[in-house]
Structures are given as structure tokens and as C-alpha cells.
Amino acid sequence: MPADAPVHYAVANGVAVLRIVNPPVNALGAAVRTALAEALRRAEAEAAVTAIVIAAEGRTFSGGADITEFGKPPVAPLLPEVIEGMDGLRKPVVAAINGAALGGGLELALGCHARIAAPAARLGLPEVKLGLLPGAGGTQRLPRLIGAAPALKIMAEGNPVGAAEALALGLVDAVESGDLVAAASAHAKSLVGKAPRRTRDLTNLGPREAFEAAAAAQTKRDPDNPSVAAIILAVRAAFDMPFAEGLALERGEFVKLVQNDRSKALRYAFFAEREAAHIAGLPAGTAARPVARAAVIGGGTMGGGIAMCFANAGIPVTLIETDAAALERGLARVNDTYGFSIKRGSLTEAARAQRMALITGKVGLAAAADADIVIEAVFEEMDLKKQVFAELGKIAKPGAVLATNTSYLDVDAIAAASGRPADVLGMHFFSPANVMRLLEVVRGAKTAPDALATAVQVGVKIAKVPVVVGVCYGFCGNRMLAARGVEAERLLIEGALPQDLDQAIMDFGFRMGPCAMNDLAGLDVGWRIRRAIGKRAPVADALHDAGRMGQKNGRGYYNYGEGGRTPQPDPEVTALIERIAREHGVTRRKIAPEEIVERLIYPMINEGARILEEGVAARPGDIDVVWLYGYGWPAWRGGPMFHADQVGLGRVAARLEAFADKSADETLRPAKLLRQLADQKRGFASLAGERRK
Ligand code: 3HC
Ligand code: NAI
């Protein structure tokens, strides 16, 4: 076997060790499958070999099937065939699971006759997150190994389990903290001469009622998900059919789902997220600056959450306020937020103590002097931000990255005030900062490439999904959101009610509609932002002026009752909207949900096209990632730019023309890029290749 083969073959003490070497994640593409099948044949044939170990190089055992192969003509040998062949061998085969074993990677391990895991191993079948079901025997083997109900949970929710839990479930036979391959080899030898313990022959399904109860719970949790339905069907088959028929049923479901638009969108989103981590246009060899300590300035809503992100990642952070009272309030809020997690059972007291110990509260900016990265989250006032950055420019360490969390202000103006603009950029977190995954990293005109690389790397370390954007009003996400907001106002005046807009958008797949979202953010927030730039929004302004601030005072577009979160339509709001319509001389009409969706979403896409045109975002996928992680865009619809391609840019452009004609709002005319692509019958996806670094 050539040295660069993706499966290395070596025999020691009668054990053949087959090591998968296919960086970065040992995906099981065609070359690996071919090499694996060949190595298994060889091991079975060689008389000197009595047992076989499947191991892997690097941090990952295997990330599963090569997702880039989906949607292309299948190349033999298929993974199920390789696994069936391995399962049928007379010699015992043991998996040495060094790290993540996901999807097809775990299915490969399930086809082995025993499994030994390192403590760092994570085992899971996340296919549901790609709109699929396990397609290489997972739906048939996992239930037979650990019971149908726990197996269903793993497959329907798609979350991996750690080594200890895997051991408790019976998913692995042992956890080995020493030399894993040696342990797996010893285990394999101990099985020689015994009948192989094939997972397919096990009868650990457990009681059928427990499975049916788990199935009902999963259907209730995720009612419209065809992957969950297919997984339930396949696991039920494990009760009702022989193994081989169950495998055939699983295959049939997999082939159906892989062609589904929903799975295409989810696979697209998987790669868009990873692509976003590659900064477009970064000079080759740019290295991030080392970051051992952070400082956050301002311990309010955002600052506290940002400090938590660092503490959660084990990075010491100084939280800086203007006076002792504000500092105490900020720290108490952080402590309480951890307290909610303790109450929910997702955090221990000890973990809270550990994290709180990583957060040092200080008064005065001088305390930022020893930080490698400083994130400013003071009030949204340009003069104050300039003042803070002027001082940071003087006191921060040379080479420290200085970031602002501003939502709308000009990052270049803030950078100039620091006197060292190469170190300055935006790191725009989303509220609540400790929860929301999106991080817009705003590249200023003078931001140094290594400062940018540092911010992105820090973002990944603190478990965010960073997307690099350029300087403009509202950056990528809020700028597109504003376009939706303008149209929402128009729809309300023309005839829709808040509940009509929200229902249409939720039926499209969002968890929350635009009106409920404004109520959650607080109507005073939008009002202040509009006032600062001299804009008006007749309905939102009137609600604000009527003292309706949203959820925070129980009244906004909806009523919430005392401390409630469930929106209840309010006839007073209907009357207010009808009055505004009269004032505008509008005769209200019934607006169909399809029109609502198009009118709310196409202007956003149009703004997205402008954002690409201006280079504010480098790739359409980056915009989609912003919407997926910052604004609750339904993952199975891929993101606004992906959705536009699915609809067809010709239709999107034609509808925008019609909206512009009707409203006399020229900003609704299709952006140049959109028009051009539509005329050429191309989609946004055709730009992706041109823009990758
Ligand atoms: N196929 C193809 N490429 C993959 C891949 C896969 N299964 N998994 C990861 N990659 C690529 C990524 O796109 C990325 O490429 P890039 O460097 O060019 O951007 C690179 O590998 C590294 O990926 P990550 O940045 O995600 O690396 P991490 O170290 O952070 O995470 C991981 C590793 C946990 C394995 C993570 O990559 C992951 O979750 N992968 C997907 C797992 C999955 O969904 N597997 C199921 C596949 S479907 C299947 O197996 C069907 C079967 O049932 C028949
Ligand atoms: P906030 O009002 O909750 O907190 C600001 C904090 O900064 C206060 O605790 C204040 O005492 C402190 N502060 C003011 N001047 C200071 C100084 N010189 N030194 C140290 N601390 C100082 O505000 P919030 O909501 O946390 O916003 C902060 C920034 O984050 C703003 O720029 C805002 O636009 C941005 N942002 C806010 C989001 C939100 O949803 N609240 C979302 C994303 C960004």
C-alpha cells in the first residue's frame, strides 16, 4: 500500500492495525472506502493476522461520510457495503476511537465487534442536522446495541455523547486513557477464537413501549422534521424486520432524504459556516496574535455577557466599569445568569465558582493595560466611544487588539480616535451575548490583517461563529433587518396586523416574527436608533409614544400580562394601526401570507445583494451565516441568499420591481448585482467560488 494511501496498514503481534489518515477529519470519501475495503481483505487473508484494529490519525476518529460527495453519483464501494463486509469477517475487529466518531464514523465503529474509546472521544449520529438519517446501518445497529429508546434520542436530536456516557450506555466496551491502539489490540487478541460479537445479532432493543413513548416525544419536539420521522420509521423496523430488511429500509429513506431541498439547504449551511471562518483576502501566512487575557469595558447587558463568554472558555477577563456600584451590579447580573443555568441543571455550583473566579471586576480603564484583547461595550454614544478609545490607545499593551461592540456607529471613526487604527476593529455580539452564536467581526479601513485574524480566532475560541464584514450602517445583519422593518411598517398600514406578519414569518420557519422580536428587544431601542438618524416608523413610533415598550413593560405590538412572554393580540393596537392608516389615507385590505413573506424577505435579499456589491460581505454564504446564527433564519432554508437562489433571482427581481412601482420606494428596485445575476440566469451561489481567498 503506498505511503500516501488514506489507510495505513501495519501488523504487530498478530494484530493488523488499519489507520485512517485523511485530514482534516478522516471523512470516509471514496478513496478511504476503497483503501479500507482493500486493507480489510488483506488482513482477513494474511495468515499471520489473527485480529484487526481500526484506528485513526489526528484528533478525530472520523467525521463520517464525505458530505461533499452527497448529491453526486455514488462511487463504489459504498460505506454500508464496506461495513457489511467488515462485520462479516471471521477475525475480530475492534475500533480504537481516539476522538470524534460521528455519522458514518460511528457507524463504522458499530460494525466492528468491539469498541474502545479514549476519554476525549465523542460519539454521535448527527445526520438529522443535515436533514438525513444515518445511512450506513446506524439505525439498525445502535438500537440493537444500546436499546431503541436511547438510540432514538441520539439519532433524533443528533447530539454526541462523551466517552463516559458512551460506556454507561454500552456503546463502547471500555474507556482507555493510556495507549489506545495497544489497548484495542489487546482487546482484539482476547476475542480471537471466540465467535465474533456482531452488533447486528444483538437483542438489546428494550421494551417496545419505551421506544414508542420516546418516538411520540421526539415527534412532539420536532413535528415537521422528515428526518425525525424517517429515523423513527427505521428504528421501528428494528423491532419488526430482520436486520437486512431494516438496512434496506434505512437505505431507501436515506436516498430519499439526500435529494430533499431541506437536506441540501442544511448541507449548504454546514459548509457556509466553515467557509466563513476562512477570512477572504487575508495575506497568506497571516498569524493571529497570542491572546491569554481579555478585558471588557462596560458591565451592562452586553459587557457582562461578553465577559461570560471568555470565562466559559477558560480565558481570564477583566470587567471594567466606571464606579464600584455599577461594577457590583454588573458582576451580580453575571452571577445570577449563571444561577439560572444552575437552576435548569446545565451548570454546577463548582463550575460557576470557577468561571466567576476568571472574571476580575475593576473600576477605571487603566485595568485594561494587561489585556491582549479589549472589547468595549459602553453606551452607544460616539463621543463616549471616542474618549474610551483615545485612552485605550495610550494605555493598552502594544499589539493588543481593541474592539468595539457598537451596533451602528462608524468603526473607522472610533479607530481613528485611538491613534492606532491598525489594532482596532468591531466585534459585534448579539444579545444575549453569552447565548447567541453570531459574532460580526467588523474590519475597518485600517485594520491590520493579524488583528482581524486574532478577532476571528478569539471568536472561535469563545464558541462563536465569526463572520467578517465591512464598515457600514448596521453592518450586515442589522442593515438587512432594517430593510425588513421598513416593509413591515408598510404592511401594517396597508392592512396586516402584527399577528398576521408574525404568523406568516413563523409559518415560513422562523421561531419568532418581526413584531414579537421588536417587543423582545424593546421598542425604545429601535425608537432611539431611528431618532439618532432622523428616521420615522409611523406604527413603531406611535406604539412607543403610547408607552408601549414591548415585553419589558408587558405591552408592545402585543400584550404580555405581568412578566409574561406569550404575545396576546390587543384591540388597542389594532385601533392604533387603523388610525395611522386613516391618517395616511390608506384603505386597508386583507393581505395574503404569501405576499407578506415575499414583501418581508425580498427587500432583505436586495439589501444583501448591495452588501455583496459593496464588499461589506465577501461571500453570499457569509450573509446566510449571519442570518442563521444571529436572527433565527430556519436552517433548513439555508439562509436568505440561498433561499433567493432556490426561488430564482428572476422572480425575486420581478417582485421587487413590482413592490417598488407600487410603493414608489426606489430602494426596493433590484440592486445592480441582483439584476445582473437575474439577467444572466445565475444565482448568488455562482459568486461563491470567485470570492474565496
Ligand atoms: N465531510 C466533508 N468535509 C468535512 C466533514 C465531512 N463529514 N466534516 C468536516 N469537514 C471539513 C469541514 O468542511 C472543514 O473544511 P475546511 O477546513 O475546508 O473549512 C474541515 O473539515 C474541518 O472541519 P471543522 O472546522 O468542523 O473541524 P472541527 O475540528 O471544528 O470539527 C468535526 C470536527 C466535529 C468532525 C466537525 O467537522 C463535524 O461535526 N463534522 C460533520 C460531522 C457530521 O455531520 N457527520 C455526518 C456526515 S453524514 C454521514 O456520515 C452519513 C452516513 O450516515 C452515511
Ligand atoms: P448598557 O447600558 O446595558 O451597558 C453599558 C454599560 O457601560 C453601563 O453599565 C455603563 O455603566 C458602562 N459604561 C459607560 N461608560 C463607561 C466607561 N467610560 N467605562 C466603563 N464602563 C462604562 O448597554 P448595552 O446594551 O450593554 O450596550 C453596550 C454596547 O453594545 C452599545 O454600543 C450597544 O449598541 C451595543 N450592543 C447592544 C446590544 C443589545 O441588544 N443591547 C446588541 C449588540 C450591541
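When reading the values below, keep in mind they use all heavy atoms of this one structure, side chains included, and skip hydrogens, waters and symmetry mates. In each ligand, atom 1 is the first atom listed, and ligand 1 is the first ligand listed.
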For A118, does its backbone N or O pair with a side-chain atom of N98 as donor and acceptor, under 3.5 Å? no
I'd like to check which ligand 1 atoms, numbered from 1 as shown, lie under 4.0 Å from a non-hydrogen atom of E127. 48 (S), 49 (C), 50 (O), 51 (C), 52 (C), 53 (O)
So which of H278, K129, M155, R122 gets nearest to atom 19 (O) of ligand 1, if we judge by its closest heavy atom? H278
Is any N or O atom of R59, backbone or side chain, closer than 3.5 Å to an N or O atom of ligand 1? yes
Is any N or O atom of G135, backbone or side chain, closer than 3.5 Å to an N or O atom of ligand 1? yes
For P126, atoms of ligand 1 separated by under 4.0 Å from a heavy atom: 43 (C), 44 (O), 45 (N)
Donor-acceptor contact below 3.5 Å, side chain R33 vs main chain V75: yes
Under 3.5 Å, side chain of S418 to main-chain N/O of A415, donor-acceptor pair present? yes
Side-chain (E376) to main-chain (V378) donor-acceptor, under 3.5 angstrom: yes
From atom 9 (C) of ligand 1, work out which of V258, V25, L102 has a heavy atom at the shortest distance. V25
Could you list the atoms of ligand 1 found under 4.0 angstrom from a heavy atom of P134? 53 (O)
For ligand 1, is there an atom lying under 4.0 Å from some heavy atom of G138? no
Min N/O separation G103 to ligand 1 under 3.5 Å: no
What do we get for L28 next to ligand 1 when only non-hydrogen atoms under 4.0 Å count, side chain, backbone, both or neither? neither
Within 45° of the axis and under 6.0 Å from the centre of the six-membered ring of F270, does NZ or CZ of R274 qualify? yes
With heavy-atom distances below 4.0 Å as the criterion, list the atoms of ligand 1 near D66. 1 (N), 2 (C)
Mind listing the N or O contacts between ligand 2 and protein, cut-off under 3.5 Å?
| residue | atom | partner | partner atom | Å |
| --- | --- | --- | --- | --- |
| ligand 2 | 3 (O) | T301 | N | 2.9 |
| ligand 2 | 3 (O) | T301 | OG1 | 3.0 |
| ligand 2 | 9 (O) | E321 | OE2 | 2.5 |
| ligand 2 | 11 (O) | E321 | OE1 | 2.7 |
| ligand 2 | 11 (O) | E321 | OE2 | 3.2 |
| ligand 2 | 26 (O) | T301 | N | 3.3 |
| ligand 2 | 26 (O) | M302 | N | 2.8 |
| ligand 2 | 30 (O) | N405 | ND2 | 2.9 |
| ligand 2 | 32 (O) | V378 | O | 3.3 |
| ligand 2 | 32 (O) | E380 | OE1 | 2.5 |
| ligand 2 | 32 (O) | K385 | NZ | 2.5 |
| ligand 2 | 34 (O) | E380 | OE1 | 2.8 |
| ligand 2 | 34 (O) | S407 | OG | 2.8 |
| ligand 2 | 36 (N) | S407 | OG | 3.2 |

Within the side chain of E127, is there an N or O that forms a donor-acceptor pair under 3.5 Å with the backbone of A156? no
Does any N or O of ligand 1 fall below 3.5 Å from an N or O anywhere on R274, backbone included? yes
Could you list the donor-acceptor pairs under 3.5 angstrom formed by side chains in residues 297-314, with sequence neighbours left out?
| residue | atom | partner | partner atom | Å |
| --- | --- | --- | --- | --- |
| N312 | OD1 | Y338 | OH | 2.5 |
| N312 | OD1 | R355 | NH1 | 3.3 |
| N312 | ND2 | M308 | O | 3.3 |

Check each atom of ligand 1 against the heavy atoms of G64 and keep those under 4.0 Å away; list them by number with element. 50 (O)
Give a yes or no answer on whether the side chain of T60 reaches the backbone of G99 with a donor-acceptor pair at less than 3.5 Å. no
Within the side chain of T286, is there an N or O that forms a donor-acceptor pair under 3.5 Å with the backbone of L282? no
Can you confirm, on distance only, whether ligand 1 has an N/O atom lying under 3.5 Å from any N/O atom belonging to F270? no
Taking E440 for its side chain and V467 for its backbone only, find out whether a donor-acceptor pair lies under 3.5 Å. no
Should you measure from each heavy atom of L130, which atoms of ligand 1 turn up under 4.0 Å away? 44 (O), 47 (C), 48 (S)
Closest heavy-atom pair, L142 versus I154, reported as atoms and distance to 0.1 Å, is CD2-CG2, 4.1 Å
Decide whether an N or O pair under 3.5 Å exists between I67 and ligand 1. yes
Could you tell me whether the side chain of E321 and the main chain of G330 form a donor-acceptor pair under 3.5 Å? no
Between Y631 and F430, is the ring centre distance below 6.0 Å? yes
One finds that the ligand 1 atoms under 4.0 Å from a non-hydrogen atom of E107 are 52 (C), 53 (O), 54 (C)
Can you see whether R293 engages T318 through a side-chain donor-acceptor pair at a distance of less than 3.5 angstrom? yes
Are any of the N/O atoms in T68 less than 3.5 Å from those in ligand 1? no
K535 side-chain N/O to R531 backbone N/O, donor-acceptor pair under 3.5 Å: no
L79 versus ligand 1: do any nitrogen or oxygen atoms come within less than 3.5 Å of each other? no
